Amino acid sequence: MKKGFFITFEGGEGAGKTSLIDSIKKYLESKKLDYIVTREPGGTKLGEHLREIVLQEKNGKEVSSNVSKTLDPKAELCLFLASRAQHIKEVILPSLEKNKIVLCDRYNDSSIAYQGHARDLGIDKVIEFSSFIIEDATADLTIYLDIDPKIGLSRVESKLDRIESEKMDFHQKIRDAFHILAKKFPKRIKIIDATESKEDVLKKSINYISKLIDL
Ligand code: Z5A
């Protein structure tokens, strides 16, 4: 039975999710609230192995295996979902059961945007398929950091992984998909303009979180 709060962070490349989570973490610490920070793909031993396969990088360095050079979109989706299934069982649900706040860098909306829309598997198909994996482990709040992909990529261009290296059209489709999702799930997904200052992005995020949690 879920008792904590599950908050996910989504956005295109370089939107600022990792920086924002780091600031929220400090804020929660100052309020003496119990939290964990985790990410997808990853969060477990299996997830970190799968991360190396799908992103073709380890600790920011390219890995030599070429397993993922010709990765089929359906196979790619299954790898992200395998990572998620293990993550839910090993990390997310146990933390929520201990009343923790779970801050997760990317989650199911990324599968819907990247594999469902940008890789053309279909938004509704991925929502339906992934529902078998996530069951009721849905986020209570999703903060979507919205940014023009040109600006986002320019923030991270020195360390592009396999997916980040896709063409601009691909990244634009990801942004479009997040907007579709935000319209579909307006109660859960909150859009924040990621070109605002880090301080303003933090302030707006804390405002949304405070509607969920007594801060
Ligand atoms: N993926 C998928 O396809 N399907 C799935 O189901 C899942 C994921 C779960 C994970 O990569 C990849 O997997 C991802 C989707 C795919 N696509 N790719 N590639 P990742 O986790 O390694 O990478 P990422 O999530 O895209 O993170 P990122 O590119 O490193 O960006 P970020 O975490 O959002 O940004 P950041 O590191 O916090 O900030 C980037 C820079 O911008 C940094 O220098 C900051 O200081 C700066 N920054 C941050 N905020 C601001 C503001 N407000 N103003 C100015 N500068 C800022």
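Just follow the structure's listing: the first ligand is 1, and inside any ligand the first atom is 1. None of the values given here were measured: they were computed from a predicted structure.
Interface of S19 with ligand 1, defined as ligand atoms under 4.0 Å from a residue heavy atom, comprises 36 (P), 38 (O), 39 (O), 45 (C), 49 (C). Of all atoms in ligand 1, numbered sequentially from 1 with element shown, those under 4.0 Å from a heavy atom of R84 are 6 (O), 9 (C). Numbered from 1 in the order shown, with element, the atoms of ligand 1 that lie under 4.0 Å from a heavy atom of A15 read 34 (O). Taking a cut-off of under 4.0 Å to the non-hydrogen atoms of S110, the atoms of ligand 1 that pass are 4 (N), 5 (C), 6 (O), 7 (C), 8 (C), 9 (C). Atoms of ligand 1 found under 4.0 Å from any heavy atom of E40 (numbered from 1 in listed order, with element): 9 (C).
Between D105 and ligand 1, no pair of N/O atoms sits closer than 3.5 Å. For ligand 1, one of its N or O atoms has an N or O atom of K198 under 3.5 Å away. Residue-to-ligand polar distances place Q115 within reach of ligand 1: an N/O pair is separated by less than 3.5 Å. For P41, no nitrogen or oxygen atom sits less than 3.5 Å from a nitrogen or oxygen atom of ligand 1, counting backbone and side chain alike. For a threshold of 3.5 Å applied to N or O pairs, the pair formed by G16 and ligand 1 contains at least one separation below that value. For ligand 1, the polar-atom distance check finds no N/O of Y107 at less than 3.5 Å from any of the ligand's N/O atoms.
Contacts with ligand 1 closer than 4.0 Å are made by backbone heavy atoms (N, CA, C, O) of A194 only, the side chain lying farther away. Proximity of L55 to ligand 1, defined as any heavy-atom pair under 4.0 Å, is confined to the side chain (atoms from C-beta onward). Of the heavy atoms in R106, only side-chain atoms (C-beta onward) come closer than 4.0 Å to ligand 1.
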Notebook entry, point to check: So R155 and I147, side-chain contact (heavy atoms from CB on, under 4.5 Å) or not? Walk me through it.
Noted result: CA-CA 11 Å; R155 289 179 179 174; I147 195 161; 3.5 Å; yes

Next item on the list: May I have the step-by-step check of ring-ring contact (aromatic ring centres under 6.0 Å, His included) for F6 and Y107, ending in yes or no?
Entry: CA-CA 11 Å; F6 185 20; Y107 191 60; 4.9 Å; yes

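For the ligand labelled ligand 1, residue G11 lies outside the 4.0 Å heavy-atom shell. Between E196 and ligand 1 there is a heavy-atom distance shorter than 4.0 Å. In this structure, E76 has no heavy atom closer than 4.0 Å to ligand 1. For the ligand labelled ligand 1, residue R39 lies outside the 4.0 Å heavy-atom shell.
Between D140 and R188, the closest side-chain pair of non-hydrogen atoms is not below 4.5 Å. Residues R119 and E166 form a side-chain contact, since some pair of their non-hydrogen atoms from C-beta on lies under 4.5 Å apart. Using a 4.5 Å heavy-atom cutoff, the side chains of I7 and I209 are in contact. I206 has its side chain out of reach of K203: every pair of non-hydrogen atoms, C-beta onward, lies at least 4.5 Å apart. Proximity of L20 to L145: side-chain heavy atoms (C-beta onward) are separated by under 4.5 Å at one or more points.
S83 places no side-chain N or O within 3.5 Å of a backbone atom of L79 that could act as its donor or acceptor partner.
Considering K17, E199, E13 only, the shortest heavy-atom separation from atom 27 (O) of ligand 1 involves K17. Taking all heavy atoms of E166, H87, R155 into account, the minimum distance to atom 55 (C) of ligand 1 is reached by R155.
A side chain to side chain donor-acceptor pair (under 3.5 Å) with T38 holds for exactly one of E90, R106, H87; it is H87.
In this view, S111 and R84 satisfy the side-chain hydrogen bond (donor to acceptor under 3.5 Å, both in side chains) rule, not counting sequence neighbours.
Within the structure, ring pair (Phe, Tyr, Trp, His ring centres under 6.0 Å) contacts touching residues 177-210 (residues at least two apart or in different chains) are Y144-F178, Y144-H179.
No more than 12 heavy atoms of other residues, nucleotides or ligands shown are found within 6.0 angstrom of CZ on F129.
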